[in-house]
Peer 1: 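Could you have a look at this structure, given as structure tokens, before my questions?
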Amino acid sequence: MKAALSRRVRSAAAFLLTALCVVIALVPLLSLAWLVVSRGWAGFSWALLTEVPGPPGGAPGGVGNALAGTGVVVFWAALLGLPLGIGAGVFLAESDHDDRLASAVRFTADVLAGVPSIVAGIVAYGLIVAPMKRFSALAGAVALAVLMLPALARTTEELVRRVPGALREGGLALGIPQWKTSLRIVLPAAAAGIATAVLLSIARIAGETGPLLFTSLNNAHWSLAPDQPIGTLTVQLYNDAISPYPAMQQRAWATALLLLVVVGLLNMAARVVAGRRAEGAHG
Amino acid sequence: MSMAHTAPLAMSGAPPRRAGSVRTGDRLWRLFLLAAGCGVFLLTALILIVLARLALPVLHQPGTWAFLTSSDWDPVAESFGALPFVWGTLVTSAVAVVLAFPVGLGVALFITEVAPTWLRRPVTFAIELLSAVPSVVYGLWGLFIVVPWLRETVEPALGAALGFLPLFSGPPLGLGYLAAGLVLAVMVLPTLASVSIEVMRTVPAGLRESAYALGATQWEVVRLAVLPHSRSGLVGALVLGTGRALGETMAVAMLIGNAPSVGTSLFAPGYSLASVIANEFAEAGSDAHVGALAALGLVLFLVTIAFNAAARLLIGRRQP
């Protein structure tokens with residue numbers, strides 16, 4: 001049975017409208033990518049990666065210290081956040097579906113995943129900066145760890161649950177204790193998936209700015225010390241972006257390109273790991 | 001799942017050899033998992049306690065209600081009113097969601113109903129890319145592209161056509177509620193689209209097929225089967241997207257104009273909860289100033305928690 005012409009025309013028009021929505025959504029993405037690449041490319045040099053930022057109004061220098069600083073803050077954040085996040089995820093995956101406690105944990109994690117990053121910054125300020133009376137890389141790391149934990153827990157749960165139940169049952173049937181079954185059989189089977197989740201959460205926190213403004217602050221010099229203020233790519237980018245000096249704005253574009261490259265590489269690594277897992281499942 | 005049946009066996013079955021050590025190992029493992037799981041509660045409590053302790057002086061001194069309704073923000077005179085920030089947060093989020101929701105819904109429909117299979121993955125990937133861009137990069141883009149475009153093209157045109165409405169009156173400054181809201185719209189679009197897709201995928205195939213069997217066109221299937229079935233989930237996506245927009249910091253801080261006033265025009269500069277915290281926290285000289293900013297953080301935390309909880313309940317109802 002064929003629908004009347006007017007109804008078919010209306011159907012086609014509605015679907016054309018949805019295609020238009022996709023175009024509207026992609027315009028900002030293309031504009032942003034073009035702008036960052038075309039303006040950032042000019043400032044992209046070896047010096048950008050190796051030098052410290054020059055003074056306001058002077059030569060631009062580079063953001064090498066900030067690149068290292070982002071690495072330091074993310075490293076400590078991962079050290080704090082990964083064990084708790086993955087542990088909470090395994091707890092959720094190993095619980096029954098009708099477990100009330102697990103449901104409450106799951107709901108709380110979902111809600112916490114939407115907490116604004118700036119709030120995590122205030123918490124790190126109250127916990128670390130105020131008692132130590134000093135801005136520090138560690139305070140920034142605590143803020144980012146708080147941010148990565150809830151989403152990591154939920155993703156880990158999903159991936160551990162995907163491990164076939166027969167694997168676990170096989171382990172238990174052989175008389176292997178539950179903890180060993182979990183640690184030696186179930187978790188390794190979910191390892192690639194968990195690695196993907198970890199890489200994605202690191203990519204996310206590496207791009208955070210707000211909570212770092214008043215925890216790790218900024219530092220125009222080289223520093224890797226966890227108890228000192230530290231420069232990061234995002235904070236450096238923000239300060240340069242709102243500065244009135246053309247040389248600093250130019251540095252902001254180059255830093256933006258560098259930041260996109262770092263975040264892009266982390267996302268790509270996550271995809272490669274996830275792809276390998278899919279292949280493994282087929283083979 | 002499988003654990004439901006195996007767990008009691010491992011704990012209470014016929015005692016095997018080395019039963020003692022097996023039990024201690026399992027008990028320790030469970031204790032660790034329980035601790036990690038309850039860490040989520042602990043974290044929530046910690047956030048509340050830290051925020052409340054910092055904010056306490058302010059909530060006592062002018063009182064919570066006075067704090068929320070005063071629009072006077074003068075850190076030097078230690079006079080703190082939250083209204084301009086609450087207002088700015090609400091206005092920019094509303095602009096963002098009003099602009100982004102229809103587009104997000106269209107994108108979701110395109111990916112689930114319209115696109116040929118080979119096109120689905122690239123489009124999904126491109127939309128996901130939007131959410132991978134750091135907020136500060138959006139701010140930079142907004143500052144150099146969106147703000148000049150609004151100042152020179154959009155705002156004069158809107159002012160000429162709709163200037164009789166207070167919403168579109170005043171000089172076209174570029175920086176202001178509209179600029180922040182527009183860039184926020186781009187930033188929440190991937191959330192709206194991906195949650196909508198997730199919701200639409202739960203529509204039972206039978207429902208779609210019955211609509212087709214009645215002779216419906218593709219669009220009528222969407223209108224009669226897909227959308228009604230997804231309604232509460234789509235409202236959930238809307239609420240979740242609003243929650244995202246409320247908490248966004250950097251792009252708003254760079255685009256809203258940073259003026260602590262309550263503007264009635266979308267062209268006017270304003271301020272938001274998250275962006276004033278980002279701008280003033282590091283330089284806050286007095287305990288009272290830190291306390292006032294933490295109180296703003298507490299307001300933001302409670303509001304986003306409420307939005308997220310509501311969204312989860314709305315979306316969760318539809319999940320299998």
Side-chain angles (χ1 to χ4, degrees), chain A residues 1 3 7-8 10-11 14-15 17-19 21-22 24-26 28-29 31-32 35 84 87-88 90-91 94 96 105 107-112 114-119 122-123 126-127 165 168-169 172 175 177-179 182 207 209-210 213-214 217 234 237-238 241-242 252 256 259 263 267, chain B residues 1-4 6 10 16 22 25-26 29 32-34 36-37 39-41 43-44 47 50-51 54 103 106-107 109-110 114 123 126-127 129-130 132 134-137 140-141 143 145 186 189 215 217-219 243 247 249-250 254 274 277-278 281-282 294 297 300-301 304-305 308-309 312:
Chain A
M1 167 168 134
R7 288 166 58 214
R8 271 183 292 152
R10 196 177 305 157
S11 183
F15 284 159
L17 214 59
T18 66
C21 285
V22 173
I24 293 175
L26 293 185
L29 182 68
S31 158
L32 185 145
L35 199 71
L84 278 176
V90 175
F91 166 78
E94 304 235 315
D96 301 336
V105 170
F107 185 76
T108 313
D110 276 343
V111 171
L112 271 189
V115 167
S117 60
I118 197 88
V119 170
I122 304 180
V123 173
L127 285 178
R168 189 197 308 268
E169 281 154 19
L172 293 171
Q178 232 182 312
W179 64 274
S182 290
T209 317
L213 288 171
F214 47 90
L217 204 69
T234 48
L237 167 52
Y238 174 59
I242 59 173
L259 188 63
V263 172
N267 273 299
Chain B
M1 304 241 327
S2 60
M3 289 308 292
T6 50
V22 167
D26 279 354
W29 176 238
F32 166 72
L33 290 182
L34 193 67
V40 178
F41 295 135
L43 187 61
T44 315
I47 294 174
V50 171
L51 287 177
L54 285 173
V103 180
V107 169
L109 281 174
F110 183 81
V114 182
V123 173
I127 299 295
L129 273 185
L130 274 177
S135 156
V136 64
V137 178
L140 187 67
W141 172 71
L143 217 47
I145 296 295
V186 178
L189 183 79
T217 62
Q218 248 184 316
W219 169 245
T249 311
M250 296 317 296
M254 293 163 87
I277 299 171
F281 212 103
L300 186 60
F301 178 68
T304 45
I305 285 281
N308 278 301
R312 284 297 153 198

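Residue numbers begin at 1 in each chain, while the letters A, B, ... track the order of the sequences. Side-chain atoms are counted along with the backbone in the values below, which use heavy atoms only and exclude waters and symmetry mates.
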Peer 1: Working to the nearest 0.5 angstrom, can you tell me the gap between A:L84 CG and B:L43 CG?
Peer 2: 9.0 Å
Peer 1: Are B:I47 and A:L112 packed together at the side-chain level, in the sense that at least one heavy-atom pair is separated by less than 4.5 angstrom?
Peer 2: yes
Peer 1: Under a 4.5 Å heavy-atom cutoff, which of A:L217, A:V263, A:V115 has the most pairs with chain B?
Peer 2: A:V115
Peer 1: Please classify the contact of B:V114 with chain A as side chain, backbone, both or neither, using a heavy-atom distance under 4.5 Å.
Peer 2: side chain
Peer 1: Answer with side chain, backbone, both or neither: which region of A:L29 has an atom nearer than 4.5 Å to a non-hydrogen atom of chain B?
Peer 2: both
Peer 1: Check whether B:I145 gets within reach of chain A through its side chain, its backbone, both or neither, counting any heavy atom under 4.5 Å.
Peer 2: side chain
Peer 1: Treating B:T249 as the side-chain partner and B:G247 as the backbone partner, does any N or O pair qualify as donor plus acceptor under 3.5 Å?
Peer 2: yes
Peer 1: Which atoms of A:L213 come close to chain B, meaning under 4.5 Å heavy atom to heavy atom: side chain ones, backbone ones, both, or neither?
Peer 2: both
Peer 1: Taking all non-hydrogen atoms of both residues into account, name the closest pair between B:A132 and A:N267 and its distance.
Peer 2: CB-ND2, 3.8 Å
Peer 1: What is the minimum heavy-atom distance between A:G87 and B:L33, and which atoms define it?
Peer 2: O-CD2, 3.7 Å
Peer 1: Tell me whether A:S182 contacts the main-chain N or O of A:Q178 through its side chain, where contact means a donor paired with an acceptor under 3.5 Å.
Peer 2: yes
Peer 1: Under a 4.5 Å heavy-atom cut-off, does chain A meet the side chain of B:L143, its backbone, both or neither?
Peer 2: side chain
Peer 1: Considering residues at least two apart in sequence or located in another chain, which fulfil the side chain to side chain donor-acceptor pair (under 3.5 Å) criterion with A:D110?
Peer 2: A:R154
Peer 1: Under a 4.5 Å heavy-atom cut-off, does chain A meet the side chain of B:V103, its backbone, both or neither?
Peer 2: both
Peer 1: Would you give the length of the straight line joining atom OG1 of A:T209 to atom CG of A:L237, rounded to the nearest 0.5 angstrom?
Peer 2: 7.0 Å
Peer 1: Quick one: of B:V136, B:V50, B:L189, who has the most non-hydrogen atom pairs under 4.5 Å with chain A?
Peer 2: B:V136
Peer 1: So for B:L130, is it side chain, backbone, both, or neither that comes closer than 4.5 Å to the heavy atoms of chain A?
Peer 2: both
Peer 1: Does B:S135 have any side chain to side chain donor-acceptor pair (under 3.5 Å) partners at least two apart in sequence or in another chain, and if so, which?
Peer 2: B:E248
Peer 1: Determine the option with the most heavy-atom pairs under 4.5 angstrom with chain A, choosing from B:L140, B:T304, B:L51, B:I277.
Peer 2: B:L140
Peer 1: Side chain from CB out, backbone as N, CA, C, O: work out which of these in A:I122 comes under 4.5 Å of a heavy atom of chain B, or both, or neither.
Peer 2: both
Peer 1: Between A:T234, A:V123, A:V111, which residue shows the highest count of heavy-atom pairs closer than 4.5 Å to chain B?
Peer 2: A:V111
Peer 1: Looking at A:A252, A:A25, A:A109, which has the largest count of heavy-atom pairs under 4.5 Å with chain B?
Peer 2: A:A25
Peer 1: Taking side chain as everything from C-beta outward and backbone as N, CA, C, O, which of these in A:V22 sits under 4.5 Å from a heavy atom of chain B? Side chain, backbone, both or neither.
Peer 2: both
Peer 1: Would you mind telling me which of B:F32, B:W219, B:F281 has the largest number of heavy-atom pairs within less than 4.5 Å of chain A?
Peer 2: B:F281
Peer 1: Looking at CH2 of B:W141 and CG of A:L32, how far apart are the two atoms once the value is rounded to the nearest 0.5 Å?
Peer 2: 6.5 Å
Peer 1: What part of B:V40 lies closer than 4.5 angstrom to a heavy atom of chain A: side chain, backbone, both or neither?
Peer 2: both
